[in-house]
Amino acid sequence: MPAPTSAELRHYSPAENLLADRVILVTGASGSIGGALAQACARLGARVILSGRSVKKLEKVYDSIVAHGGPRPSIAPLDFEKADAAAYDALTEAIGAEFGRLDGLAHVGGILGDRSPIAHYDVPTWLKVMHVNVNAPFILTKILLPLLGKSTDASIVFTTSGVSIKGRAYWGAYAVSKFANEGMMQVLADELATETPIRSNSVNPGAVRSPMRARAYPAEDTSKLTRPEAVLAPFLYLLGPDSRGVTGCRFDAQ
């Protein structure tokens with residue numbers, strides 16, 4: 001099927017039961033966009049697996065989902081900066097044991113790092129950003145592909161950025177990591193298109209009211225920024241059955 005345009009997706013209205021019985025893992029579910037996405041998926045019927053660094057914040061999202069009558073989610077804490085092979089294996093085994101498959105993987109977690117010139121960029125910070133934003137999503141995707149393959153309609157969604165299309169001064173490792181995310185999405189889409197029904201796409205949320213945005217633009221008036229809940233339409237479209245056949249695409253939420 002032809003892919004919709006980004007402008008068309010901004011007006012996408014998901015059916016009430018769009019994600020009924022789907023098992024969806026959301027990384028960064030303790031953050032602004034990830035938390036909002038996890039709650040929206042649950043409202044549409046998904047069994048959501050909440051992953052992130054802060055158990056306390058994940059529990060708040062869990063409580064909100066339950067309070068609003070959504071399917072009871074699962075909490076799967078994972079610190080991308082510190083996780084070892086055993087942590088990834090344990091997550092995969094737990095998902096397999098509880099659900100037997102995975103229908104959606106939304107890569108929302110990530111870090112900003114420093115906003116400084118390449119010439120002055122701190123090397124340990126560069127390595128940390130690249131590990132959290134690129135290596136960890138690669139590892140998680142690779143290890144979960146067998147479970148995604150057990151779904152009849154699986155979807156992988158990467159969260160990208162406005163600085164992943166054209167390099168912009170002082171965005172350093174964050175921008176480079178988002179270029180890498182786009183490349184990973186496209187490589188996966190091309191590989192999987194001929195082997196499985198798994199699709200791979202990316203979404204650029206744009207400027208959103210969030211702690212990361214505040215760190216990037218500390219003097220900005222946050223009241224003028226879009227709330228996370230307002231940029232979810234492309235994510236929900238891609239995680240649901242309406243996007244069958246759409247793969248290798250990038251969508252701008254704003």
Is any side-chain heavy atom of [Y] closer than 4.5 Å to one of [X]?
X	Y	answer
Q254	V208	yes
V23	R101	yes
L25	L140	yes
L236	C41	yes
R47	S74	no
Y62	R72	yes
I143	D89	yes
D114	Y174	no

Would you find a donor on one side and an acceptor on the other, under 3.5 Å apart, between the side chain of [X] and the backbone of [Y]?
X	Y	value
S200	M185	yes
H68	S64	yes
R10	P234	no
T27	G109	yes
S6	D252	yes
D84	A87	yes
N201	C249	yes
S161	S164	no
Q186	G183	no

Please check if [X] and [Y] belong to a single hydrophobic cluster, counting links between Ile, Leu, Val, Met, Phe, Trp and Tyr side chain heavy atoms closer than 4.5 Å.
X	Y	result
V163	I111	no
I49	L78	yes
I139	L145	yes
L44	V231	yes
L37	I24	yes

Worked verdict on F235 versus T159 for side chain to side chain contact (heavy atoms under 4.5 Å, CB included):
CA-CA 9 Å; F235 288 96; T159 303; 3.6 Å; yes

Which pair of heavy atoms, one from [X] and one from [Y], lies closest together, and at what distance?
X	Y	answer
S155	L238	OG-O, 2.7 Å
V246	A3	CG1-CB, 3.9 Å
L105	T141	CD2-OG1, 3.8 Å
M184	V134	CE-O, 3.6 Å
I198	G149	CD1-N, 3.8 Å
L239	A106	CD1-CB, 4.5 Å

Enumerate the residue pairs fulfilling salt bridge (Lys or Arg N to Asp or Glu O under 4.0 Å) with a member in residues 17-38, sequence neighbours excluded, ordered by first and then second residue.
R22-D153

Kindly check if the number of other-residue, nucleotide or ligand heavy atoms within 6.0 Å of CZ (R53) is above 12?
no

Any chance you could measure [X], atom [atom1], to [Y], atom [atom2], to the nearest 0.5 Å?
X	Y	atom1	atom2	result
R115	Y170	CZ	OH	10.0 Å
K150	F99	NZ	CZ	14.0 Å
E8	T5	CD	OG1	3.5 Å
L50	K57	CG	NZ	14.0 Å
N181	S202	CG	OG	8.5 Å
T92	K142	OG1	NZ	10.0 Å

Step by step, would you call L144 with Y88 a side chain to side chain contact (heavy atoms under 4.5 Å, CB included)?
CA-CA 9 Å; L144 290 175; Y88 285 100; over 6 Å; no

F251/T160 under side chain to side chain contact (heavy atoms under 4.5 Å, CB included): CA gap, chis, key distance, verdict
CA-CA 9 Å; F251 299 97; T160 186; over 6 Å; no

Should the ring pair Y121 and W126 be called parallel, tilted or perpendicular, given that the plane angle runs from 0 to 90° and is split at 30 and 60?
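Aromatic pair Y121/W126 classed perpendicular.
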
Set out, in order, the CA-CA distance, both residues' side-chain angles and the distance that settles side chain to side chain contact (heavy atoms under 4.5 Å, CB included) for V48 and Q39, then state yes or no.
CA-CA 8 Å; V48 183; Q39 293 179 68; over 6 Å; no

Residues in side chain to side chain donor-acceptor pair (under 3.5 Å) with Y12, at least two apart?
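In terms of side chain to side chain donor-acceptor pair (under 3.5 Å), with neighbours along the sequence ignored, Y12 is linked to D242.
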
